[in-house]
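Worth knowing before you read on, the calculation uses all heavy atoms, side chains too, and leaves out hydrogens, waters and symmetry mates. Atoms within a ligand are numbered from 1 in the order they appear, just like the ligands themselves. A quick note: this is a predicted structure, and the numbers were derived from the prediction, not measured. Throughout, residue positions are numbered sequentially from 1 according to the sequence presented.
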Amino acid sequence: MQTQAAIYREIDLELSWSEQEMPERERTKHVHRLHPYLGKFVPQLVEVFLHRYASPGQLVWDPFAGSGTTLVEANAFGARAAGCDISAFNCLLTRVKTGSYASEALLSDVVRLAAPASKAPRTTSPYLKQWFATRSRRELLAFRDRIELTSYPDLWRVVLSRAARSARLTRHDDLDFPREPVQAEYFCHKHRRVCRPVGEADKFLRRYVRDAVQRVQEFSELRLESSATVIHGDARVVDPPEPVDLVLTSPPYPGLIDYHEQHAYAFELLGLERRDAAEIGRGVKGYCDDVAAVLARAAKALRPSGKIVVVVNDSRGLYGAILSAAGLRLEDRVLRHVNRRTGRRSGEYYEEVLIATP
Ligand SMILES: C[S@@+](CC[C@H](N)C(=O)[O-])C[C@H]1O[C@@H](n2cnc3c(N)ncnc32)[C@H](O)[C@@H]1O
């Protein structure tokens, strides 16, 4: 058991900040907040490693791209980016975040999306019938129809999903993995009062359309590079498009988050293909071999001077064996103190960053 002083000597202070020093609006700046995603990097963490191990113009690869934090930050920094994910929704989200948008076309889209629905759309999906009030469902489906007339349909698909997430018949204090729809008033632990299930979607759609336009425009003004390749596939068998200079990734951890299920509503509304069985981390069995296979493959694509940076909260102590199995040598290991909420000890933990080379 390490003493507190020993732990603090190991902590990398450049990577450790409190809620006050790094408020939520900073962690969710510009496109990072286009859609909720449980289990993402803090963008500032990616920024630090890009400055330490990459140069503008180089290619950064994230085989577990998730919501695209590495790719977005690589482009903001001036590096080209590529990533892969097994979830079709995560790939859509990353493509949308790293996409390029012309202001005039965006504004015409906004006007088209606001047009009244010509007919009341219907669905046969039991999921949509179960999880949305009749009016919410009608409004979401009407928006989905209008998306077909726009210049940036994927951007609006993400907005549609975000609104659907907010409009589901779920408790406000159980948005991540709700088990069953709520039909009646309930005591809400988030708002500390009695809340009612949501009955409409248009108010969310209007708000998120405006918010999305602002966010993509903000990112387009600050990014120094716009090259980003997103591959929908299984990272055990997918290669980056060309040799890479830095691998910067955070693998799924066994049994923690179901990356398909957290966006079940989006898969359903958008008709995306689910590949749950190929998702790594659904159990411990096979986990080490799977992550080792991904890292070994990434290592093969790495240029000789490149590094592999892996962010993980390795509570089971699996990563020593994983790195060896991938043929990687641990060069450095830094600890990051994560303090998600000041005054709430349960929100604190240590995250490890492993820096490895082939
Ligand atoms: C910890 S998350 C990455 C989060 C990311 N760093 C971010 O900031 O959004 C791990 C990701 O690995 C993806 N994943 C799981 N199995 C995979 C596989 N076989 N191939 C590619 N991606 C996979 C999951 O869908 C999930 O998005």
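- In this structure, ligand 1 sits under 4.0 Å from heavy atoms belonging to Y37, G39, K40, F41, P63, F64, A65, G66, S67, G68, T69, D85, I86, N90, G233, D234, A235, S250, P251, P252, Y259, A278, E279, I280.
- With W156 as the fixed residue, the side chain to side chain contact (heavy atoms under 4.5 Å, CB included) test singles out one of L205, D109, L149, V96: D109.
- A salt bridge is absent between R80 and E225: the closest approach of a Lys/Arg side-chain nitrogen to an acidic carboxylate oxygen does not fall below 4.0 angstrom.
- For the residue pair D245 and Y53, no side-chain donor N or O sits within less than 3.5 Å of a side-chain acceptor on the partner.
- Closest non-hydrogen pair, Y152 versus S100, comes out as CE2-O, 3.8 Å.
- Residues V198 and S136 come closest through the heavy atom pair O-OG, 4.1 Å.
- Of the N and O atoms on the side chains of H32 and Y37, not one donor lies less than 3.5 Å from an acceptor on the other residue.
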